Amino acid sequence: MVKKIMVTAVVLLLAVTSVFAAPLRFVFGDLGQHPEILMGFLPSYLLAGAGYRPVELIEGDVTEIQLLAGLGYNQRKVWQDCLSGEVVKKDPIVYDVLETDWILRFVQGFGDSSVAGKDLFTMTAGYEGKLEFALDSMVKGQTRNNGIPSMIRSLDDRIGTYDGDIYPDLRGNRTALGSVLALQLKYDEMDDRMTTTDGFVAKADLKWAPSFLNGALDGKADYYSLTLNAVAAKTVFAYSENGKDMFTITLVDRGNVNWTDGSIVPVWAQGPVSLGRKVRGFNTWTYNTQFTAVNNFDVRFAGPNLGVKGIFPRVNLFYDIGYGCGKYFNTQISEGNFLMSTGVQVTVSFFDFIDLGYQVAYLFSGEKFSEGTKKVVGSFTFFLDF
């Protein structure tokens with residue numbers, strides 16, 4: 001296992017180095033962390049690549065072709081009975097995934113934003129591919145508190161040779177080859193300078209994974225997902241010295257609405273849209289219904305700059321509220337869920353896309369399954385999601 005992680009890290013390092021060495025623009029995609037590797041402080045997954053601008057199809061607007069590749073090792077923790085689909089609030093199925101991803105995108109801008117250097121509208125069309133291998137957890141045989149203290153068991157012990165519908169990624173030999181067609185339209189008047197953020201940005205995302213592109217291996221997929229996401233921000237106080245922001249206060253509010261449906265929604269598609277993923281203080285892969293609507297509100301205190309551009313401390317006071325309803329994925333079980341939380345995140349921000357630190361949340365409504373009925377829960381953080 002250690003060798004796998006080391007090889008993954010070396011390959012990712014070489015990939016990023018080659019991108020920077022070429023006359024191309026670096027494009028960041030995503031980072032992931034495994035909670036059992038240095039408690040999640042060491043990234044175990046990286047998605048990144050390059051953007052190439054061969055011509056301007058519309059004068060003054062961006063035309064770009066992007067190619068991204070991802071490789072890494074992640075943990076999955078799922079909370080429904082693998083046969084009935086009933087929600088289980090203790091002793092989840094815990095396993096690891098060796099994940100590879102590749103994304104090809106075409107990006108075209110339209111019009112001028114009020115923020116210098118940005119297009120007002122951007123359309124992105126792309127293909128997203130992935131190959132995943134589900135493996136036993138690296139801490140198999142050890143005890144963890146997931147609602148109750150329980151031993152992490154092997155996949156053979158938990159599900160055997162699986163042919164059910166709840167977790168289609170885990171069928172047969174537990175390998176999945178996925179293909180997703182993606183389309184995004186973005187409206188952007190957000191001036192994000194890391195310590196200060198002002199403006200508005202909105203995105204509509206459509207993803208479609210048809211069965212005829214997702215049946216080559218034992219893991220299957222057949223679903224679509226529509227997401228509307230909007231973020232508004234206003235810096236209400238800023239104190240600077242020598243051109244550097246020493247202390248700022250920014251208000252940020254996000255609205256996110258999603259509908260995901262299909263006959264086969266794989267685990268890798270369930271996580272990002274789950275209500276528990278989007279309301280802070282709860283578990284990913286919980287409250288997995290077709291429809292979710294969430295509002296996240298932050299008061300962000302940032303600065304001072306630590307002497308390295310793009311690295312600064314940040315404290316976020318947050319208040320989240322979310323509602324989900326409809327059928328649980330791959331079941332006929334319907335439910336409505338209302339979640340609400342508030343809390344604080346204390347982090348160090350790295351270039352505004354990594355926020356490494358700790359979060360404490362108070363849960364007004366709903367349960368964090370891994371913590372039972374506790375109202376005050378804590379966790380390490382790696383990202384601000386908006």
Side-chain angles (χ1 to χ4, degrees), residues 15-16 18-31 46-70 101-130 179-209 224-235 250-259 272-273 296 309-310 349-355 383-386:
V16 173
S18 64
V19 167
F20 279 118
L24 303 172
R25 186 179 74 88
F26 175 72
V27 177
F28 172 75
D30 197 7
L31 278 173
L46 172 65
L47 174 66
Y52 175 57
R53 300 180 179 182
V55 295
E56 286 185 352
L57 296 181
I58 302 174
E59 186 177 355
D61 295 326
V62 169
T63 301
E64 185 170 82
I65 298 171
Q66 297 179 354
L67 179 62
L68 292 82
D101 296 274
W102 53 95
I103 297 175
L104 178 63
R105 297 172 179 157
F106 173 75
V107 181
Q108 178 61 55
F110 302 91
D112 295 327
S113 172
S114 61
V115 180
K118 287 190 173 184
D119 294 324
L120 184 62
F121 291 96
T122 302
M123 184 186 71
T124 303
Y127 165 81
E128 302 177 2
K130 68 167 50 256
S179 293
V180 180
L181 304 177
L183 180 66
Q184 180 190 90
L185 181 63
K186 180 171 71 172
Y187 173 86
D188 192 352
E189 290 198 282
M190 181 69 78
D191 186 8
D192 188 351
R193 303 189 182 189
M194 291 185 283
T195 50
T196 63
T197 309
D198 293 275
F200 178 79
V201 61
K203 295 185 292 185
D205 286 277
L206 175 63
K207 294 191 175 185
W208 180 42
Y224 67 92
S225 182
L226 176 63
T227 303
L228 303 176
N229 191 84
V231 181
K234 176 64 177 177
T235 301
T250 303
L251 307 181
V252 185
D253 191 71
R254 180 186 78 161
N256 181 282
V257 178
N258 173 268
W259 174 266
V273 300
N296 308 102
K309 186 177 180 180
S349 182
F350 297 85
F351 315 110
D352 209 32
F353 59 79
I354 300 175
D355 276 78
F383 291 104
L384 290 182
D385 290 323
F386 62 101

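Computation of the quantities below employed the complete heavy-atom set of this structure, encompassing side-chain atoms and omitting hydrogens, waters and symmetry-equivalent molecules. All values derive from a computational prediction rather than experimental measurement.
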Worksheet item: Is the number of heavy atoms from other residues, nucleotides or ligands under 6.0 Å of Arg53 CZ greater than 12?
Response: yes

Worksheet item: Can you name the closest pair of heavy atoms from Glu128 and Ala182 and give their distance?
Response: OE2-CB, 3.7 Å

Worksheet, complete the sentence: Val27 and Ala50 have their tightest heavy-atom pair at CG2-C, 3.8 Å

Practice prompt. Of all the heavy-atom pairs spanning Thr196 and Thr250, show the shortest one and how long it is.
Written response: CA-OG1, 4.2 Å

Response to the item:
Glu189 meets the side chain to side chain contact (heavy atoms under 4.5 Å, CB included) criterion, sequence neighbours left out, with Ser113, Ser114, Leu120, Tyr187

Worksheet entry | Asp192 side-chain N/O to Met194 backbone N/O, donor-acceptor pair under 3.5 Å | yes

Discussion item. To the closest 0.5 Å, what do you measure between CG (Asp119) and CD1 (Ile58)?
Written reply: 8.5 Å

Discussion item. Is the shortest side-chain heavy-atom distance between Met190 and Val115 below 4.5 Å?
Written reply: no

Worksheet item: Taking atom CG of Asn296 and atom CG of Asp253, what is their separation to the nearest 0.5 Å?
Response: 8.0 Å

Practice prompt. Check step by step if side chain to side chain contact (heavy atoms under 4.5 Å, CB included) holds for Leu46 and Phe28.
Written response: CA-CA 9 Å; Leu46 172 65; Phe28 172 75; 4.3 Å; yes

Discussion item. Measuring from atom CG of Asp30 to atom CG of Asp101, what distance do you get when rounded to the nearest 0.5 angstrom?
Written reply: 9.0 Å

Item to complete: Taking atom types as modelled, find out whether Ser225 and Asn258 have a side-chain donor-acceptor pair closer than 3.5 angstrom.
Response: yes

Worksheet item: For Val180 and Lys130, what are the C-alpha separation, side-chain angles and deciding distance, and is it a side chain to side chain contact (heavy atoms under 4.5 Å, CB included)?
Response: CA-CA 9 Å; Val180 180; Lys130 68 167 50 256; over 6 Å; no

Practice prompt. Go through Val257 and Leu226 one step at a time and tell me if the side chain to side chain contact (heavy atoms under 4.5 Å, CB included) criterion holds.
Written response: CA-CA 8 Å; Val257 178; Leu226 176 63; over 6 Å; no

Worksheet item: How would you list, by chain and number, every residue that makes a side chain to side chain contact (heavy atoms under 4.5 Å, CB included) with Ala204, sequence neighbours excluded?
Response: Leu228

Worksheet, complete the sentence: When rounded to the nearest 0.5 Å, the distance separating CZ of Phe350 from CG of Leu31 is 11.5 Å

Practice prompt. Kindly compute the distance separating OH (Tyr127) from CG (Leu104), expressed to the nearest 0.5 Å.
Written response: 10.0 Å

Practice prompt. For residues Lys186 and Lys203, report the shortest heavy-atom separation together with the two atoms involved.
Written response: CG-CG, 3.6 Å

Worksheet item: Does the side chain of Leu68 come within less than 4.5 Å of Arg105's, by heavy atoms?
Response: yes

Discussion item. Is there a side chain to side chain contact (heavy atoms under 4.5 Å, CB included) between Gln66 and Arg25? Walk through the geometry before answering.
Written reply: CA-CA 9 Å; Gln66 297 179 354; Arg25 186 179 74 88; 3.4 Å; yes

Discussion item. How close do Ala125 and Leu183 get, counting heavy atoms only, and between which atoms?
Written reply: CB-CD1, 4.1 Å

Discussion item. Can you give me the closest heavy-atom contact between Pro54 and Thr63, atom names plus distance?
Written reply: CD-O, 4.1 Å

Worksheet entry | Reference residue Lys118; test side-chain contact (heavy atoms from CB on, under 4.5 Å); the match among Val62, Asp112, Asp191, Asp188 | Asp188

